[in-house]
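Shown next, in structure tokens, is the structure this report addresses.
We count residues from 1, following the sequence as given.
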Amino acid sequence: MSNTIHKNLQPLPRLENAGMDAWLVRLFDAIDERNMVWMTALVSACKQVFGDQLVDIVPSYTTVLVQFDALQLDHAQARRLLQQVLAELEPAAETDHKPLIELPVWYHLNVGPELARLSQHTGLEIPTLIELHCQPVYRVFALGFAPGFAFMGTLPALLELPRLTQPRAKVSTGSVAIAGRQTAAYPSASPGGWNVLGRTPTQLFDLHRPTLSLLQVGDRVRFVPITQAQFERLGGDSTPMARETY
């Protein structure tokens, strides 16, 4: 994707009050992979301009939450710094040079009960569905819901499927799932309403890892199918997950 395309996708920044020590910068109104170069540039510029006055910064699909130290800056001062950043903002360089992270996945009805639902919904055989899910290089758009949970897109249109009408009380650790045009892997066991297609043995969140989360906003990710034997050799738990009744 060329820089010309990026510059044609101009952000329309708006500052929204997010509390006494935070501003929400809304750059876009629609989710688009081309947003990423602008979001990355904004995060980098805020870190540079705010310095040690920055408490936290949380990028998402179209917004960046900027939390500042209210003991060092008041609300108006923080707003002026953000206006300065936005006045000089240029898209970041391409991120395609970032290493590609491959997540091995065992796709099977025992650990991916919604494979059957997706097959019925699309009319496609399960091997075709797996191939479609593994074809794209996904971007991590945001982290949230649970520590290490990475929202990735964009899922092929053929695989678009709504969330479950009745969320599960427990989704197994490592479950790889889809909802709408997004895909993700559950870093830990938790409730969830996404459609589960398989399971990865990769540890997605680790308190001993410097970044905690394996996946970071802007990362490039591809899913790679593996067998049950490979999954178990990599430390995966092959305990079946209960299927839902639709």
Side-chain angles (χ1 to χ4, degrees), residues 1 3 5-6 8-14 16 18 22-47 56-67 86 89 91-103 105 132-163 171 174-188 190 192-197 200 202 204-205 211-224:
M1 197 177 296
N3 285 334
I5 293 176
H6 290 152
N8 287 340
L9 187 73
Q10 291 291 335
L12 299 171
R14 301 188 298 278
E16 301 175 9
W23 284 97
L24 185 73
V25 186
R26 186 175 300 280
L27 287 185
F28 299 97
D29 292 318
I31 295 173
D32 192 310
E33 187 174 327
R34 294 174 297 171
N35 297 355
M36 294 302 300
V37 290
W38 292 98
M39 311 300 285
T40 301
L42 178 57
V43 169
S44 178
C46 285
K47 288 179 178 178
D56 196 13
I57 187 161
V58 184
S60 185
Y61 296 95
T62 59
T63 63
V64 174
L65 178 70
V66 180
Q67 184 182 11
L86 292 170
L89 191 66
E94 274 285 3
T95 56
D96 286 341
H97 66 279
K98 295 188 70 171
L100 179 64
I101 298 172
E102 293 189 340
L103 292 182
V105 181
L132 282 171
H133 187 252
C134 291
Q135 277 181 355
V137 172
Y138 298 99
R139 292 282 189 182
V140 177
F141 285 114
L143 297 177
F145 169 65
F149 189 99
F151 294 86
M152 292 178 270
T154 305
L155 194 71
L158 280 173
L159 301 185
E160 185 173 353
L161 196 64
R163 287 173 170 83
V171 177
S175 292
V176 174
I178 61 174
R181 297 293 300 278
Q182 300 177 97
T183 188
Y186 284 75
S188 58
S190 69
W194 289 35
N195 302 277
V196 180
L197 307 184
T200 179
T202 302
L204 299 165
F205 184 79
T211 58
L212 301 181
S213 175
L214 172 66
L215 304 178
Q216 301 293 317
V217 172
D219 279 351
R220 303 162 64 234
V221 180
R222 174 178 285 145
F223 296 102
V224 179

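Residues passing the side-chain contact (heavy atoms from CB on, under 4.5 Å) test with Val58, sequence neighbours excluded: Asp56, Leu65. For Phe205, there are no ring pair (Phe, Tyr, Trp, His ring centres under 6.0 Å) partners at least two apart in sequence or on another chain. Not counting sequence neighbours, Leu12 has no partner by the side-chain contact (heavy atoms from CB on, under 4.5 Å) test. A search for ring pair (Phe, Tyr, Trp, His ring centres under 6.0 Å) contacts involving Tyr138 returns His133, Phe223, not counting sequence neighbours. For Ala179, the side-chain contact (heavy atoms from CB on, under 4.5 Å) partners at least two apart in sequence or on another chain are Arg163, Trp194. In this view, Ser175 satisfies the side-chain hydrogen bond (donor to acceptor under 3.5 Å, both in side chains) rule with no residue, not counting sequence neighbours. The side-chain contact (heavy atoms from CB on, under 4.5 Å) search around Ala142 returns Ser60, Tyr61, Phe151, not counting sequence neighbours. Shown here are the salt bridge (charged side-chain N to carboxylate O under 4.0 Å, His left out) partners of Arg26, two or more places apart in sequence or in another chain: Glu16. Judged as a side-chain hydrogen bond (donor to acceptor under 3.5 Å, both in side chains), and not counting sequence neighbours, Thr62 has no contacts. In this structure Arg14 satisfies the salt bridge (charged side-chain N to carboxylate O under 4.0 Å, His left out) test together with Asp29, sequence neighbours excluded.
Screening Ile178, Leu159, Val176 for a side chain to side chain contact (heavy atoms under 4.5 Å, CB included) with Asn195, the sole residue that qualifies is Ile178.
In this structure, the side chains of Leu214 and Leu103 come closer than 4.5 Å at one or more pairs of heavy atoms. Side chains of Glu160 and Leu155 form no contact here, defined as non-hydrogen atoms less than 4.5 Å apart. Using a 4.5 Å heavy-atom cutoff, the side chains of Ser190 and Phe145 are in contact. Side-chain contact between Leu204 and Phe149 is absent, with no heavy atoms from C-beta onward closer than 4.5 Å. Side-chain contact between Leu143 and Ser213 is present, with heavy atoms from C-beta onward closer than 4.5 Å.
A donor-acceptor contact shorter than 3.5 Å links the side chain of Asn35 to the backbone of Ala30.
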task = Evaluate the side chain to side chain contact (heavy atoms under 4.5 Å, CB included) criterion for residues Arg139 and Arg220: first the C-alpha distance (whole Å), next the side-chain angles of each, then the deciding distance (0.1 Å), finally the verdict.
result = CA-CA 5 Å; Arg139 292 282 189 182; Arg220 303 162 64 234; 3.2 Å; yes
